[in-house]
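Quick note: numbers below take in every heavy atom, side chains included, and nothing from hydrogens, waters or symmetry partners. Order of listing sets the numbers, starting from 1, for every ligand and every atom in it.
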Amino acid sequence: MTTSTQTKPAPKWDLDSIFEGGSSSEAYQKHRNAVKTRLETAEKNIGQLQTGIDDSSLTTWVDFILEWQSLGEDIELILSFAGCLTSQNTTDDKADAIESEGMVYYSRWQKIKATLESLALQQSDENWNKFLDHDKIKEIQFYLNEMRDLAKSKMPVEMESLALELEVNGYHAWDQLYSKMSGELKVEFEEDGKTTTMSLGQLATKMSDANRDVRKQAFEKMVGAWESRENLAAMILNSMAGFRLSVYERRGWESATYEPLKMSRMEQKSLDTMWKVIKDNLHRLKPYIDAKKKLLNIDKFRWYDQFAPCGDAEKQYPYDEATEFIYENIKSFSPDMAAFCKMAIDKNWIEAEDRPNKRGGGFCTGMGKNNQSRIFMTYANTYENLLTLAHELGHAYHSWVLNDKAPFAQSYPMNLAETASTFAEAVVTDAALAQTEDTQEKLMLIEQKLQGAYTMMCDIHSRYLFDKMFYEKRKDGVLSTQELKDLMVVAQKEAYGDLLDESGYHPLFWCSKLHFYFTGAPFYNFPYTFGFMYSGGLYDQAKKEGATFSAKYDALLKDTGSMTTEELTKKHLGVDLTQEAFWKGAVDTALADVDEFVKLVDELS
Ligand SMILES: [Zn+2]
């Protein structure tokens, strides 16, 4: 890729073809009014639905389920549209209002689901299976069965509904309180003789500064800020866990990982096997960390050294060249996916312009029955931006492949959500590596790859281990701030092995990482590593198989919303996830460049 100094701005997306007129759109209002009317009808109809499914009520049941499914898709479109509007302009008040009404519709839709769950429970297996066998229902069997099975392992419906209501001001409020508290934390940061007041979010970018003093100061200021709130954070964490454990006990769920594993549609055994293989191969990261220490000229590798950049991070990657680059390189792996990327780019499905009042980060969102996606990001010509673009295009392709499925058969679990995105990143990174002769750029690219593997294998593992141990101990009572700190260090020692120096742990990590406080999904850690390793395993197979793999890949993506993770992998890859072989291949892929990194560092010193 060439470097050019004059680049035209990255493009804006087209939302008008979805609903013309942004947050004042009349087309949107029409859609919203229709959803409202249909919701009222569905709420009325569910009350009149015959409790038992038999020959006389079968058609009514089928129609109701299909309408409820369709309504869900249309409500999701409202939320997606609102998400796009609020992200493209954070000062758009009307967009906030659309988001709020979308959430109200969604919670009403969920209430219908709760009633359906209880109705599903009342059916005999025979009648239920007959219903699932109906031509129009077959395709969404998995979703409906999952709903019924999960309802079986819950409390009686009245108690579940009370718990759900109490969650709003109890459980979820802890999450909100934590976000508010961390949002309000500020530090005084000193750089180049100036003192600047920073939020913790701003401070985080200093953790990957090339200057070690800057990184160290950023880390210490962050820890200092959290020390002033550690007892409050401990209280929140203990209370949230207490809430969960009480509900789990009432439901008869013995393990704290029961719920997150259900959400990931996978077995504990697969997860344990993955972590075991990671632990067994941890030592293979040592040469990478040693080389990085050598390059950075440091003797003790500490928390604040993990994200230090290597090689040339200054190189520019203009948008037009990036899209061309992604297209060309995806093509050699999958012509279909490349054609899709080109279409998404040409049809302006991507919001990439670098301008004020945009939200940070990136995402990809579906557009309901339009069978389209929209990608949001800010493209500022860095390599990271190029990777984000490839990543989000991967998500969009995943949705594209699922387009001809019914909505419920399109909804895949969170551990599989990152399959296509991470895969696209891997393809693009390897292509970039293969095409550069520049040592500094090579170093930067390989380091990014290895840093990703290191984070997934160590950082995320330590979060999982902490959660596991914490929930076990929490069953016997509240843990003190000191006990939480000690537990965090135990988890880090286990997960990092000798990669981090004894003086380099981060005992307050449970304070600073918002994922521990996220009530949307408990144990919101292992799906990251799982997704990363899973797509690594796929990539490993793709490289071995060559041209024939892309059809297999599409077939796998198509089934991500219709079966368990184990079934999916067995069916399409002939692989048993509870066995070590697949995970070993994934680790080999993740660490393939360690030797090259070491060699490059040696050449430079
Ligand atoms: Zn993603």
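S70 and K369 are linked by a side-chain donor-acceptor pair at a separation below 3.5 angstrom, with hydrogens and angles left out of the test.
Here the two rings, on Y471 and F523, have centers that are under 6.0 Å apart. Between Y517 and W174, a ring centre-to-centre spacing not shorter than 6.0 Å is recorded. F219 and H506 have their aromatic ring centers within a separation under 6.0 angstrom. Aromatic ring centres of W400 and F340 lie closer together than 6.0 Å.
Counting only protein N, O or S atoms closer than 2.8 Å to the Zn ion (ligand 1) gives 4.
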In a table with atom names and distances, give each donor-acceptor pair under 3.5 Å that connects a side chain of residues 527-534 to protein atoms at least two apart or in another chain.
residue : atom : partner : partner atom : Å
Y528    : OH   : H515    : NE2          : 3.2
T529    : OG1  : M456    : O            : 2.9
Y534    : OH   : T569    : OG1          : 2.8

